[in-house]
Amino acid sequence: MMVLVNEKQVEVDEQTTVAALLQTLGYPDRGIAVALDQAVLPRNDWQTTLSDGARLEVVTAVQGG
């Protein structure tokens, strides 16, 4: 099935969770925020199984001044 991650299509299995997808795509364990279908998804809910057409926005923290 297909999901969108930061506006890019990604093919995933039906059992894929948010956490598994983030790991597969190489995102770090810390310093990121995730929105699923335009709602912020707390880290405790990253075991949520994705559905076809789900839209994820992943934002990484950046240091600087």
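In this chain, numbering begins with 1 at the start of the sequence shown. Here the structure is a predicted model, which is why all the values come from computation and not from measurement.
With values rounded to the nearest 0.5 angstrom, T49 atom OG1 is found 12.0 Å from L21 atom CG. Taken from CG in L56 to CD in E7, the straight-line distance is 11.0 Å, to the nearest 0.5 Å.
Using modelled atom types, no side-chain atom of T16 and backbone atom of V12 make a donor-acceptor pair closer than 3.5 Å. With D37 contributing its side chain and A54 its backbone, the two residues share no donor-acceptor pair below 3.5 Å. No donor-acceptor distance shorter than 3.5 angstrom exists from the side chain of W46 to the backbone of T17, with no hydrogens or angles considered.
With L36 as the partner, the side-chain contact (heavy atoms from CB on, under 4.5 Å) test is satisfied by one option alone out of D45, T48, V3: T48.
Under a cut-off of 6.0 angstrom, the local environment of CG in D29 is sparse, with at most 12 non-hydrogen atoms contributed by other residues, nucleotides or ligands.
Residue E14 comes nearest to M1 through the heavy atom pair CA-CE, 3.8 Å, listed as atom of the first residue, atom of the second, then distance. Between Y27 and I32, the closest heavy-atom pair is CB-CD1, 4.1 Å. Looking at every heavy atom in both residues, Q47 comes nearest to A19 through NE2-CB, 3.5 Å.
In this structure, L4 stands alone, with no Ile, Leu, Val, Met, Phe, Trp or Tyr side-chain heavy atom under 4.5 Å from its own, directly or through other members. Other cluster members for M2: none, since no ILVMFWY side-chain heavy atom sits under 4.5 Å from it.
With contacts defined as side-chain heavy-atom distances shorter than 4.5 Å, the pair Q38/E57 does not qualify. Proximity of L25 to V5: side-chain heavy atoms (C-beta onward) are separated by under 4.5 Å at one or more points.
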